[in-house]
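These notes concern the structure reproduced below.
Any value given below was found using the heavy atoms of this structure, including those in side chains, with hydrogens, waters and symmetry copies removed. Remember, it's a predicted structure, so these values are computed and weren't measured experimentally. Here is how names work: the chains are called A, B, and so on, in the same order as the sequence lines, proteins then strands, and each is numbered from 1.
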2 protein chains.
Amino acid sequence: MARATIEDVADAAGVSVATVDRVLNGRAAVRPKTVERVEKAIRLLNYQSDRLAARLARSKEYRFCFILPEGSNAYMTLLADAVREEALRMAQEKVVIDLRHTDVFSADVLGQTLDKISGLYDGVAAVALDHPRVRESINALCERGVAVVTLVSDVPGSRRTHYVGIDNAAAGRTAATLMGRYLAGRRGKVGLIAGSLSLRDHVERQFGFEQVMLHEYPGLTLLPVREGRDDWQIVQGVAAQLLHDHPDLIGLYNVGAGTRGIVGALEAAGRQRQVVYIAHELTDESRRALIDGTIDIVINQDAGHEVRSAIRVLMSRTDRSPIVEAMERIRIDIYVRDNIP
Amino acid sequence: MARATIEDVADAAGVSVATVDRVLNGRAAVRPKTVERVEKAIRLLNYQSDRLAARLARSKEYRFCFILPEGSNAYMTLLADAVREEALRMAQEKVVIDLRHTDVFSADVLGQTLDKISGLYDGVAAVALDHPRVRESINALCERGVAVVTLVSDVPGSRRTHYVGIDNAAAGRTAATLMGRYLAGRRGKVGLIAGSLSLRDHVERQFGFEQVMLHEYPGLTLLPVREGRDDWQIVQGVAAQLLHDHPDLIGLYNVGAGTRGIVGALEAAGRQRQVVYIAHELTDESRRALIDGTIDIVINQDAGHEVRSAIRVLMSRTDRSPIVEAMERIRIDIYVRDNIP
DNA sequence: AAGCTTCTGATAGACGCCTATCAGGAATTG
DNA sequence: CAATTCCTGATAGGCGTCTATCAGAAGCTT
């Protein structure tokens, strides 16, 4: 038995296809009694509109925009590449994807960018700063019916449709567990470097890391966080200082970007193998360092997955179809030398 | 500028749409010169057929079959659930998915099953045994134009379209690296339990594990593999024996199923915390054990991903469209207590 | 050049849904 | 009860492609 069509539903409900369509797409006022009849028929026949046919008929373009930080952060470059790649693929399916770069560290600039694009797109995916000004702009977009998803870093109080990214506190805990186990039984200091403590994801990772570290591995002394501004040169300075100040440093967790700086500092100090170093995001740099043993573990969120997930979410939001939660959960990937993809 | 349609191509090439269609779908003989003209127009306009419209027009059902082992192996149950779930979702897109269980450990039975279904399906995904008899049947299916993908366990010499699963040797190496690091500096014995040494994936994992273990962690003594037949009761016996024979056992890697048996044995011996235990596949059982600390690490391949990947591959194979390699690479997931999804 | 085969063009009718229009029927109002 | 307003039915046309048919054109053979 083939799938039910709109016609079947119309017949079953004793109404015309036009009316079924009106009910399905809220096109015009339909008497409640009729609506109910139609809905009953739909349930009865287990009707599901054919999305392929619907999209063909609507022949509507989906217009989405990705907003990423400007600058040359390695992971953000990966994300941008993923966006461009998907943009190409999705072009076949009438999905137009623009990519914009902006200073996401400035709430005002990011807010203005968000305000400006209102009306141009059906949906927006943004790596956002958690700040009232930004929240305001996000809410304004939602108000006007634009679907908004936050990417990598969330803005919790806002009306964003969805957050596409990992649970950063859990990522921090994961790092701590691995750090603790790798340093099993040893005593010494563990350093923590973040990009900026005004970035929500960094703070959350730090929180998770400290939480597990303090409770489960009291033998390890956690040093106060230092900020590296996600800039490898600054990070290198910070790391070098840390290594210099603490000859008994045996662990290092870099919550943000700037892997290159840490690798540099470790090599300069000749302590690559003495320090267990856990970094975030699998980039060319970290992949290399992982293979040669300078980095022991990389915690990653798959850029390609995130972009595809964001697109799927924006699309279902745009045509009001449900999403499959399980499919849109971004995993916390752990990489050691041997399971690099 | 909107996307080019078949009509645009026809105009550009100075032929009729019928001819363009003949070229595109190899429907009838077309003079080489004409073919070339059409192809040139296609390139010029960068034409890509609208897959939505094509599938709608063809209104053809894709018929696929998944063949899984019978029995109650926890991971296979997860796989089966994933298949059923996807079957439901894909039904909306005119994809019919059947699920069959068979004794995949017997080459003859599996081979016969494969032979029998020839002609009923456009594609088959099977958890297959690497055996000449099976290879034969797979090749026969391919010969008749049925797309075949191997799932979880590969059959290398065969003509299967694709292998959907992880690199098992790499998984074994990953386990070894984690084992080595978790046991950093300690001396003692490490046990290895496999389901069956006639299963390709198990052998490969063992190979990878031993390779890294022997080279990188000479302080650890690797005990000879024992077989547990993927049955938790047998596994429990094997593990208990192992624990009894070796009071200095400090590591255990279970390459196959039967986690429940090992957990049972460890608990019975009261040595949950003394032994670093690495298991495969995230099931309810292993998740629980991971959280309470009996299992230290789970190496997993995502059942949902594998099923979806297999379906995507079968579909593109069926309508001769290319696949995105990067998207179909199944990752080796590492789970500790803190990053369980 | 006639006769034959091989190509090509034109066109109609799906596929399942969307959009729009218009007329007529039902419900509501005074 | 008539005059409105509100709902509904019927239907046409379109989205981009596939499938099928048939007539006529082009190419080849002898």
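Looking at every heavy atom in both residues, A/H101 comes nearest to A/P69 through ND1-O, 3.2 Å. Taking both residues in full, the closest heavy atoms of A/R135 and A/D130 are given as NH2-OD1, 3.1 Å, listed atom of the first, atom of the second, then distance.
Ranking D/dG16, C/dT8, C/dG16 by closeness to the B/T34 side chain, first place goes to C/dT8. For B/A18, counting side-chain heavy atoms from C-beta on, the closest listed nucleotide (D/dT8, C/dA10, C/dC18) is C/dA10. Counting only heavy atoms from C-beta on, B/V15 has its side chain closest to C/dG9 among C/dC17, D/dG9, C/dG9. Here the nucleotide nearest the side chain of A/D21, chosen from C/dC18, D/dT8, C/dC17, is C/dC18. Residue B/I6 places its side chain closer to D/dT17 than to any other of D/dT8, D/dT17, C/dT8. Nearest to the side-chain atoms of B/R31 among the listed nucleotides D/dA10, D/dG16, D/dA26 stands D/dA26. The side chain of B/R58 lies closest to D/dC18, out of C/dC17, C/dT8, D/dC18.
Scanning atom types as modelled, no donor and acceptor separated by under 3.5 angstrom connect the side chain of A/R51 and the base of C/dG16.
Here the C1' atom of nucleotide C/dG9 and the CG atom of B/D11 are 13 Å apart, to the nearest Å. One interatomic measurement links the two molecules: CZ of A/R22 to P of C/dT21, which rounds to 13 Å at whole-angstrom precision. Rounded to an integer number of Å, the gap from B/D8 CG to D/dC15 P is 12 Å. Here the P atom of nucleotide D/dC18 and the CD atom of B/E61 are 19 Å apart, to the nearest Å. Rounded to whole Å, atom P of D/dG16 lies 16 Å from atom NZ of A/K60. For A/R55 and C/dC17, the CZ to P distance is 15 Å, given to the nearest whole Å. Between the CG atom of B/N25 and the C1' atom of D/dG16 there is a distance of 13 Å, rounded to whole Å. Across the protein-nucleic acid pair, B/R27 atom CZ and C/dC7 atom P stand 16 Å apart, rounded to whole Å.
Looking at heavy-atom distances under 4.0 Å, A/D50 makes contact with sugar-phosphate atoms alone, never a base. As judged by a 4.0 angstrom heavy-atom cut-off over every strand, A/V17 is placed among the base-contacting residues. At the heavy-atom level, B/L56 lies under 4.0 Å from base atoms of the strands shown.
One distance of note links CG of A/D122 with CG of A/L314; it measures 9.0 Å at 0.5 Å rounding.
A/D319 and A/K60 are not joined by a salt bridge, as no carboxylate oxygen comes within less than 4.0 angstrom of a charged side-chain nitrogen. Salt bridge A/E36/A/K33: absent, no basic N to carboxylate O contact under 4.0 Å.
The neighbour count for B/E7 CD, taken as heavy atoms of other residues, nucleotides or ligands under 6.0 Å away, does not exceed 12.
The residue among B/A28 and A/E7 whose nearest nucleotide of DNA chain C is located toward the 5' end is B/A28.
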| DNA chain D base-pair string [pairs: Watson-Crick or G-U under 3.5 Å; |: paired with another strand] | ||||||||||||||||||||||||||||||

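OP1 or OP2 of C/dG16 has not a single side-chain nitrogen or oxygen of A/Y47 nearer than 4.0 Å. In this structure, B/T19 does not reach the C/dT8 phosphate: none of its side-chain N or O atoms is under 4.0 Å from OP1 or OP2. Close to C/dC15, at under 4.0 Å from its OP1 or OP2, lies no side-chain N or O of B/S59.
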| message | What verdict does the side-chain contact (heavy atoms from CB on, under 4.5 Å) test give for B/Y163 and B/I330, after you've listed the backbone C-alpha separation in whole Å, the side-chain angles of each residue and the deciding distance to 0.1 Å? | response | CA-CA 10 Å; B/Y163 162 58; B/I330 306 296; over 6 Å; no

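Between the side chains of B/S137 and B/R133, at least one donor N or O sits under 3.5 Å from an acceptor N or O.
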